[in-house]
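Only a predicted model underlies this, so the values are computations on that prediction, with no experimental measurement involved. Residue numbers run from 1 in the order of the sequence given.
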Amino acid sequence: MYQQETIKPYHEGEKTTQVEQMFDNIAPTYDTLNHRLSWDIDRGWRKKAIRQLLPYQPKTMLDIATGTGDFAILSAEMLRPAKLVGADISEGMMEIGRKKVAERNLQDIISFEKEDCLHLSYADGTFDAVTAAFGIRNFSDLDQGLREMCRVMKTGGHLSIVELTTPVRFPMKQLFHIYSHTVLPVYGRLISKDTAAYSYLTKTIEAFPQGEQMVSILKDAGFSEAKFKRLTFGICTMYFATK
């Protein structure tokens, strides 16, 4: 069993509330920072993660920790599902997502709903596919969050995750450590005006399980098959699982 106790000893409700407030605060600058801090590479990471689902053509989809909806929008454009729900605890983030969806005339496909991702309100076996981009590392209980993602997925359905990770090889491991502890938090504070958000980001990346460990956690959560692929020297990792 894996719980992210290495970050700070919050009770589940306390951490959920704090994360919600933090993302509400940084919502107006979130997209700009994501693209600038990754040199726009994050756009390519999202596309690769969505391509994992292309052979299966899911008709009903759930995007967990959807934020401002970038992954949901790209999924709708690339996969053309009949229905895609973006779920998040931050109304501030989703409100920006709703505006972007309306600008692209995708409101008939994409909807946003406030959800506690550890206790989803959806019935068992609701969705053909579940996705998550750069959000599950914020779960206070990763095991519970993944079990919920598996529960609401149909048997034979697929999970596609893309998440920030720490490189494991020299010299990228050392370079990323320097970048994530200096440039990322300082630049994040300057743009977002939030003193804690991007220091928190670094801590969640370092504490989050990756590679083989994450594959094991996915299988323990109920997925029958799981695999991973590191991207951009290990700065990001894709996971793909089947229920």
Side-chain angles (χ1 to χ4, degrees), residues 2-4 7 10 12-13 15-27 29-31 33-35 37-38 42-43 45-46 49-50 52-53 61-76 84-98 100-101 110-122 126-127 129-153 158-165 192 197-198 200-201 203-205 207-210 214 217-218 221 223 236-241:
Y2 175 84
Q3 285 186 305
Q4 290 178 279
I7 299 173
Y10 300 116
E12 180 183 308
K15 181 174 180 180
T16 300
T17 300
Q18 186 171 42
V19 170
E20 177 182 356
Q21 292 173 345
M22 181 184 70
F23 280 106
D24 281 344
N25 290 340
I26 66 174
T29 58
Y30 182 77
D31 288 335
L33 274 166
N34 269 358
H35 302 322
L37 289 170
S38 71
D42 64 304
R43 300 178 194 270
W45 293 337
R46 288 183 174 90
I50 293 167
Q52 295 185 119
L53 293 169
M61 298 181 63
L62 172 65
D63 186 41
I64 289 285
T66 193
T68 60
D70 275 1
F71 203 46
I73 290 168
L74 197 57
S75 293
L84 194 158
V85 178
D88 204 288
I89 59 171
S90 170
E91 279 289 358
M93 299 283 274
M94 289 190 293
E95 190 55 39
I96 292 172
R98 291 183 183 102
K100 291 194 288 188
V101 164
I110 301 174
S111 61
F112 291 91
E113 297 176 0
K114 185 170 183 176
E115 288 280 336
D116 177 352
C117 295
L118 303 185
H119 306 283
L120 295 169
S121 65
Y122 311 111
T126 299
F127 301 98
V130 179
T131 61
F134 314 117
I136 64 171
R137 69 179 184 278
N138 296 309
F139 288 178
S140 60
D141 186 335
L142 180 61
D143 300 277
Q144 174 63 18
L146 292 174
R147 283 195 297 269
E148 279 292 274
M149 293 162 81
C150 186
R151 179 185 66 79
V152 301
M153 186 186 299
H158 299 91
L159 172 70
S160 183
I161 294 173
V162 60
E163 190 54 85
L164 296 172
T165 47
S192 70
Y198 286 85
Y200 173 89
L201 171 62
K203 293 176 182 177
T204 59
I205 295 171
F208 194 73
Q210 55 186 298
M214 182 63 174
I217 292 170
L218 285 165
F223 294 96
C236 178
T237 302
M238 287 193 310
Y239 298 92
F240 187 74

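Contact record, L84 with S75: CD1-CB, 3.7 Å, taken as the closest heavy-atom pair. Minimum heavy-atom separation, A76 to I110: CB-CD1, 3.7 Å. The two atoms that bring A72 and D63 nearest to each other are N-OD2, 3.6 Å, heavy atoms only. Among all heavy-atom pairs drawn from G135 and A65, the shortest one is CA-CB, 3.8 Å. The shortest heavy-atom contact between L74 and R46 is CD2-CB, 3.8 Å. Nearest heavy atoms, M214 versus L146: CE-CD1, 4.1 Å.
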Next item on the list: Using the side chain to side chain contact (heavy atoms under 4.5 Å, CB included) rule, take F208 and L142 through it: C-alpha gap first, then chi angles, then the decisive distance, then the call.
Entry: CA-CA 9 Å; F208 194 73; L142 180 61; 3.9 Å; yes
Check: Would T126 and L120 satisfy side chain to side chain contact (heavy atoms under 4.5 Å, CB included), going step by step from the backbone distance to the final call?
Finding: CA-CA 11 Å; T126 299; L120 295 169; over 6 Å; no
Margin query: Walk me through whether L159 and Y239 qualify under side chain to side chain contact (heavy atoms under 4.5 Å, CB included).
Written below: CA-CA 8 Å; L159 172 70; Y239 298 92; over 6 Å; no
Note to self: Checking M94 against E113 for the side chain to side chain contact (heavy atoms under 4.5 Å, CB included) test, could you report, in this order, the C-alpha distance in whole Å, the side-chain angles of both residues, the deciding distance, and whether it holds?
What the structure shows: CA-CA 8 Å; M94 289 190 293; E113 297 176 0; 5.8 Å; no
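Between the side chain of K114 and the backbone N or O of E91, no donor-acceptor pair lies under 3.5 Å. Here the side chain of E148 pairs no donor or acceptor atom with the backbone of C117 at under 3.5 angstrom. Checking side-chain atoms of S160 against main-chain N and O of A49 turns up a donor-acceptor pair under 3.5 Å.
A distance of 13.0 Å separates CD1 in I89 from OG1 in T66, rounded to the nearest 0.5 Å. Rounded to the nearest 0.5 angstrom, K100 NZ and F112 CZ are separated by 7.5 Å. Taken from CG in D143 to CG in D141, the straight-line distance is 5.5 Å, to the nearest 0.5 Å. Summarising the geometry, atom CD1 belonging to I50 is positioned 4.5 Å from atom CZ belonging to F71; distances are rounded to the nearest 0.5 Å.
In this structure, a donor-acceptor pair under 3.5 Å is absent between the side chains of Q210 and T237.
Using a 30° and 60° split on the angle between ring planes, Y122 and F127 fall in the perpendicular class, above 60°.
Paired with M149 under the rule side chain to side chain contact (heavy atoms under 4.5 Å, CB included), one option of I64, L218, T131 passes, and it is I64.
Note on R137 versus E163: salt bridge recorded, some NZ/NE/NH1/NH2 to OD/OE distance being below 4.0 Å.
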